[in-house]
Amino acid sequence: MSQSVHVHAFRDLLDGGGVVDDPERIATYTTDQRQLFTGSTLAVLKPATTKQVAEIVRLAAQQGIGIVPQGGNTSYCGGATPDATGRQIIVSLERMDRIREVDPISMSISVDAGAILKNVQHAAATAGLLLPLSLGAEGSCRIGGNIGTNAGGLSVVRYGMTRDLLLGIEAVLSDGTVVSDMCKLRKNNTGYDIKQCFVGSEGTLGIVTGAVLRLAPLPIRRATAWLKLATGAPLAELLALVRRESAELLTTFEFMTARSIALATEAMTNPPSVRAGSGGTVLAEIASSSRHLDLDELMEAVLAEAIESGRIEDAFLAQSGSQRTAMWEVRETIPEGEKRRNGSVKHDISVPLSSIQRFLDLAGSQVRSYDADLELSVYGHVGDGNLHYNVLVPPDVDRIEFTNRIESGLSLQLYDTAAALGGTFSAEHGVGRFKKHLLERYGDVGRIAAMRRIKTAFDPSDIMNAGAVVRPLGKESAS
Ligand SMILES: Cc1cc2nc3c(=O)[nH]c(=O)nc-3n(C[C@H](O)[C@H](O)[C@H](O)COP(=O)(O)OP(=O)(O)OC[C@H]3O[C@@H](n4cnc5c(N)ncnc54)[C@H](O)[C@@H]3O)c2cc1C
């Protein structure tokens, strides 16, 4: 069947705005967010209802057409990008962006999977509650994508990842069956927890169309501190101190090296005059919904103890909302700062907290012996053991060529080090298309076998995001 006949069949299912096949408009959907790979697609389909999603999936299954679910297309590992065959359609959830219900008593929010994370946060805040999921891409990423990648972000240390926030799900399986489990319950021990299968599945098991998320009381007080670290400061011990002495109110513990901070401030219009310590900086924040706690006083006492113990050189507390915003802007502008320079080769590693310092020492030596001229930008959600250990692309070289060279050499050394310390090559970005070989290299054989059985059970014909994460059983050659 020709491409135009396929597209015509989908057009019959959807209304006017539901099918995009104009090559110029399609282009933004077929290139991954880091612009490392451009795939090809028959069309971008934009269903408006779960029923339409189910009809699309049924038709695609009948015609043997692959499906790539897409949210905000902010995946860092090509998970939302179709392959080059032109035999996959993109199903974009962007028209399914409704907030279905906020339930302040159950402290939950029910949304369409295409709702933008920032809009969901806003709807929760309007009801006096917090959706405790926050990340740099929150203005464009969508809840289905957050579920697909089990997104983490800036407050995992207190509230956990997307997995920990998910109460219920609605999803379309690869034969068009709709799973309607938009459940608000905290306790529901009635067999397999199907919703959790979709978390981190990166579109390979079905299309998530709705979700119920757990909310928390909205913090009304915050104390935000900039901790200048001494050289070789034991990050894990510092975290333990701040966490313990702040009575578990810690929401953020973000590490940044001086180089990352400089990249960010160079990219800002009005950069604050903040400096890193000789061992980098930690941005730490505590927050509470209580009117009865003096968080500044608490944080000052914590900082005094940290200085006294010699773990930090100095620290200061944001004295106003604008100072707090400026500190946060530095942290959030680092990816943009890297991009402006010529990008970076990203290593989203995590190691057990007790091994963070060891990783930094070993990885630093590896980089120096690989090429002493390489520059690093190292930062991350170190409260979760997560580091973005990024190698900066020199300004005057071809970005893709450099990325390929580093990824086939130095990156493997760095991942080997993380793995030897009990860590992982992908803390929060997922596997997608770019990191499949790493899953094969580092993944436990039994775990990969179990993943392939799950994939086979959900999607035996491999129509859901084929080529990402794992293949079903019986499909041995890479697709
Ligand atoms: C500036 C920036 C900062 C980031 N910071 C963080 C961070 O701090 N923490 C973190 O964890 N990640 C971070 N990320 C990466 C992160 O994975 C994504 O931002 C986000 O979770 C993906 O959402 P999305 O809607 O863009 O998904 P997409 O990129 O569109 O898709 C991601 C994957 O999910 C699948 N998918 C999408 N929608 C659905 C659906 N409805 N049903 C089934 N599968 C679906 C796709 O097929 C794909 O495999 C960052 C990215 C950027 C660009």
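In this text the structure is predicted, and so the values were computed from the model without any measurement. Residue numbers start at 1 and run along the sequence shown. Whatever order the structure lists ligands and atoms in, that order sets their numbers, starting from 1. Both backbone and side-chain heavy atoms feed into the values below; hydrogens, waters and symmetry mates do not.
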Would you call the rings of His347 and Tyr389 parallel, tilted or perpendicular, taking 30° and 60° as the class edges?
tilted

For atom 32 (C) of ligand 1, which candidate among Thr149, Val68, Asn146 holds the nearest heavy atom?
Thr149

Which pair of non-hydrogen atoms, one from Ala287 and one from Arg222, has the smallest distance, and what is that distance?
CB-CG, 4.0 Å

Counting from 1, what ligand 1 atoms have a heavy atom of Gly153 closer than 4.0 Å?
7 (C), 8 (O), 9 (N)

Quick one: look up the protein heavy atom nearest atom 13 (C) of ligand 1 and list residue, atom name and how far away it is.
Leu135 CD1, 3.7 Å

Just to be sure I'm reading this right: ignoring hydrogens, which of Phe198, Tyr29, Tyr76 gets closest to atom 2 (C) of ligand 1? Compare them by their nearest heavy atoms.
Tyr76

Provide, to 0.1 Å, the distance between atom 7 (C) of ligand 1 and the closest protein heavy atom, together with that atom's residue and name.
Glu428 OE2, 3.2 Å

Who gets closest to atom 31 (O) of ligand 1 by heavy atom: Ala80, Pro69, Gly78?
Ala80

Residue list, ring pair (Phe, Tyr, Trp, His ring centres under 6.0 Å) with Phe253, at least two apart or on another chain:
none

Any His381 heavy atom less than 4.0 Å to ligand 1:
yes

Would you find a donor on one side and an acceptor on the other, under 3.5 Å apart, between the side chain of Arg158 and the backbone of Leu249?
yes

Test the Lys435-Phe425 pair against the cation-pi criterion, namely NZ or CZ under 6.0 angstrom from the six-membered ring centroid and within 45° of the ring axis.
no

Between SG on residue Cys183 and NZ on residue Lys195, distance to nearest 0.5 Å
6.5 Å

Mind listing the closest non-hydrogen atom pair of Thr74 and Ser140 along with its distance?
CG2-OG, 3.7 Å

At what distance is the nearest protein heavy atom to atom 42 (N) of ligand 1, and which residue and atom is it?
Val208 N, 2.9 Å

Does CZ in Arg453 sit with more than 12 non-hydrogen atoms of other residues, nucleotides or ligands closer than 6.0 Å?
no

With a 3.5 Å distance limit and no angle check, can you tell me whether Ser411 reaches the backbone of Ser408 through a side-chain donor-acceptor pair?
no

Taking heavy atoms and a distance under 4.0 Å, where does Pro335 meet ligand 1: side chain, backbone, both or neither?
neither

Just which atoms of ligand 1 are under 4.0 Å from any heavy atom in Asn465?
47 (O), 49 (O)

If you compare all heavy atoms of Pro352 against all heavy atoms of Leu421, which two are closest, and at what distance to 0.1 Å?
CD-O, 3.2 Å

Should Ala468 be listed as contacting ligand 1, given a heavy-atom distance under 4.0 Å as the test?
no

Tell me which protein heavy atom sits closest to atom 26 (O) of ligand 1, plus the residue, atom name and distance to 0.1 Å.
Thr74 OG1, 2.6 Å

Pull out every atom of ligand 1 sitting under 4.0 Å from any heavy atom of Leu93, numbered as shown with elements.
41 (N)

Atom 28 (P) of ligand 1 [closest protein heavy-atom partner, distance rounded to 0.1 Å]
Asn73 N, 3.6 Å

Spell out, as yes or no, whether a donor-acceptor pair under 3.5 Å connects the side chain of Asp83 to the backbone of Ala466.
no

Using distance alone, decide if ligand 1 has a nitrogen or oxygen within less than 3.5 Å of any nitrogen or oxygen in Gly79.
yes

Using heavy-atom distances, let me know which of Gly144, Gly200, Gly152 sits nearest atom 11 (O) of ligand 1.
Gly152

Ignoring angles and geometry beyond distance, decide whether Ala113 reaches within less than 3.5 Å of ligand 1 through its nitrogen or oxygen atoms.
no

Minimum-distance protein heavy atom relative to atom 24 (P) of ligand 1
Gly72 N, 3.4 Å

For a quick test of reading the model, state the closest non-hydrogen atom pair linking Glu407 to Leu412 and the distance between them.
O-CG, 3.8 Å

Sub-4.0 Å heavy-atom approach of Ala171 to ligand 1:
no

List every atom of ligand 1 that sits less than 4.0 Å from any heavy atom of Gln33, numbering the atoms from 1 in the order shown and giving each element.
53 (C)

Which pair of non-hydrogen atoms, one from Val345 and one from Arg34, has the smallest distance, and what is that distance?
CA-NH2, 4.5 Å

Nearest non-hydrogen protein atom, atom 23 (O) of ligand 1:
Cys141 CB, 3.4 Å

If you have a sec, work out which protein heavy atom is nearest atom 27 (O) of ligand 1 and how many Å separate them, to one decimal?
Gly145 CA, 3.3 Å

Number the atoms of ligand 1 from 1 as they appear, then name those within less than 4.0 Å of a heavy atom of Ala151, with their elements.
11 (O), 21 (O)

How far apart are the closest heavy atoms of Asp175 and Val57, and which atoms are they?
N-CG1, 4.3 Å

With a cut-off of 4.0 Å, which atoms of ligand 1 are near a heavy atom of Gly206?
43 (C)

Would you mind listing which atoms of ligand 1 come within a distance below 4.0 Å of any non-hydrogen atom of Ser75?
29 (O), 32 (C)

Determine whether Ile109 and Val120 make a side-chain contact, defined as any pair of heavy atoms from C-beta on separated by less than 4.5 Å.
yes

